[in-house]
Engineer: 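The structure under discussion is supplied below as structure tokens; questions concerning it will follow.
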Amino acid sequence: MTILPPLPMETSGVATRRLAVVIPARNRRESLPRTLASVLCSPRVDIELVVIDDGSTDDTDNYLASLDDPRLSWRRMPVPAGANRARNEGAALSRAPLIAFLDSDDAFRPGRIDRLIGFFDENPDIACTIDGFSDISDSTERVHRLPRLTPDGEKLRQLLLCHCIPLTNSTVTVRREAFAAIGGYDPDLRRHQDRELLLRLARQYRIAFGTATDVLKYRSANSISRTHAGYIRGLDDFVARCPDYQSEGYGPILSYLTIRGALKAAAQGHFGTALAEVKAWRKAGNLPGGLHVLPGYFVGRRKRHLLQQGLDQLPATTSAE
């Protein structure tokens, strides 16, 4: 996968680092102080924080330039290139052997950085971890926990393909060597970026579920994961990259995933969005169509439910993506 060539660096870090936190940001001037503070409040001097300003127009660059912390580095892309390209650029700019990703409207709880460094020190055979998180929307908070035991690679891929695991990019931490070996994030994928990255990682490396829920996921009004519009197009692009869906048994699951986006939009009263999603579905080149899709939806929903029941701890829900 293509990673953008280096851009002029605005600020540079200085010491040898143990862990890098990479944040892509576009027009998040209001939430960035909370996000950056959740990292820089750590007293550790062996971490680095890399922010990629993805062509913001809300004074994000001036805010970043005003900060004075030797652990902080940042670059500005002249035009928006997308969150995945920004993540890849941030990973390339960093130097630490561990990379933790954090979205620009989320935050780490105190102690997360220490815990991650300790875990990877104690588990040299693990290339990546996924943790639980607290989903914060308006005045509510919902905790998403992962199963206590991590399945083998094949089972993990099945759970990822069936959307049985709650995911957000802010809970992904990966060793630099593994991230570079698979080419980083797919720069052209707008949705399901974390899921697609993990599917490629799981083919070659060990991934572990974490028992912690030390990430705060804030659902802002313009979060992609909270927006139903574009779900079908995003799913179509994701499926095009996953030949596993052509294997026997995944037809009903794909029918379920295809229909549920429009159903969610309609259930929340977004009928125009639901209609637009149905129209996008008719144009999709990798999603099921025809009269068998509706019964397939119910079969797929049941199959997914059985997979979740087989886990030692039932996740609260999957992500909105």
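Worth knowing before you read on, the calculation uses all heavy atoms, side chains too, and leaves out hydrogens, waters and symmetry mates.
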Engineer: Does Glu196 come within less than 4.0 Å of Arg200, counting only side-chain N to carboxylate O?
Structural biologist: yes
Engineer: Supply the atom-to-atom distance Leu307 CG to Cys162 SG, rounded to the nearest 0.5 angstrom.
Structural biologist: 5.0 Å
Engineer: With no hydrogens and no angle check, is any side-chain donor or acceptor of Arg85 less than 3.5 Å from a backbone partner on Tyr185?
Structural biologist: no
Engineer: Has the side chain of Arg260 got a donor or acceptor atom that lies under 3.5 Å from a matching backbone atom of Thr258?
Structural biologist: no
Engineer: Quick one: do Asp125 and Arg206 make a salt bridge, cutoff under 4.0 Å?
Structural biologist: yes
Engineer: Between CD1 of Ile130 and CD1 of Ile207, what distance do you get to the nearest 0.5 Å?
Structural biologist: 5.5 Å
Engineer: Could you grab the distance from atom CG of Leu36 to atom CG of Asp69, nearest 0.5 Å is fine?
Structural biologist: 10.0 Å
Engineer: Centre-to-centre under 6.0 Å for Phe298 and Tyr256, is that the case here?
Structural biologist: no
Engineer: Quick check on Asp68: does its CG atom have over 12 non-hydrogen neighbours (other residues, nucleotides or ligands) under 6.0 Å away?
Structural biologist: no
Engineer: So, the side chain of Trp281 versus the backbone of Pro288: is there a donor-acceptor pair under 3.5 Å, distance only?
Structural biologist: yes
Engineer: Can you confirm whether more than 12 heavy atoms, excluding those of Gln204, are under 6.0 Å from its CD atom?
Structural biologist: yes
Engineer: Checking Tyr218 side chain against Ala107 main chain: does a donor-acceptor pair fall under 3.5 Å?
Structural biologist: no
Engineer: Of all residues at least two apart in sequence or in a different chain, which pass the side-chain hydrogen bond (donor to acceptor under 3.5 Å, both in side chains) check with Arg44?
Structural biologist: Asp46, Asp114
Engineer: Just by distance, do the side chain of Glu48 and the backbone of Val21 share a donor-acceptor pair under 3.5 Å?
Structural biologist: no
Engineer: For the side chain of Asp105 and the backbone of Arg28, is there at least one donor-acceptor N/O pair under 3.5 Å apart?
Structural biologist: no
Engineer: Return yes if some donor-acceptor pair links the side-chain N/O of Asp131 with the main-chain N/O of Asp214 below 3.5 Å, else return no.
Structural biologist: no
Engineer: Is the shortest side-chain N to carboxylate O distance from Arg190 to Asp237 below 4.0 Å?
Structural biologist: no
Engineer: Report yes or no: is the cationic atom of Arg115 (NZ for Lys, CZ for Arg) closer than 6.0 Å to the six-membered ring centre of Phe120, at no more than 45° off its axis?
Structural biologist: no
Engineer: Rounded to the nearest 0.5 Å, how far does CG of Leu98 lie from CD1 of Ile47?
Structural biologist: 12.0 Å
Engineer: With a 6.0 Å cut-off on ring centres, are Tyr231 and Phe238 close enough?
Structural biologist: no
Engineer: Taking the side chain from Ser56 and the backbone from Asp53, do they hold a donor-acceptor pair closer than 3.5 Å?
Structural biologist: no
Engineer: For the side chain of Arg304 and the backbone of His163, is there at least one donor-acceptor N/O pair under 3.5 Å apart?
Structural biologist: yes
Engineer: Spell out, as yes or no, whether a donor-acceptor pair under 3.5 Å connects the side chain of Ser38 to the backbone of Phe108.
Structural biologist: yes
Engineer: Suppose we screen for side-chain hydrogen bond (donor to acceptor under 3.5 Å, both in side chains). Which residues come up paired with Asp236, at least two apart in sequence or across chains?
Structural biologist: Asn286
Engineer: Are the charged groups of Arg76 and Asp54 less than 4.0 angstrom apart, N to O?
Structural biologist: no
Engineer: Quick one: list whatever passes side-chain hydrogen bond (donor to acceptor under 3.5 Å, both in side chains) with Ser170, sequence neighbours left out.
Structural biologist: Asp106
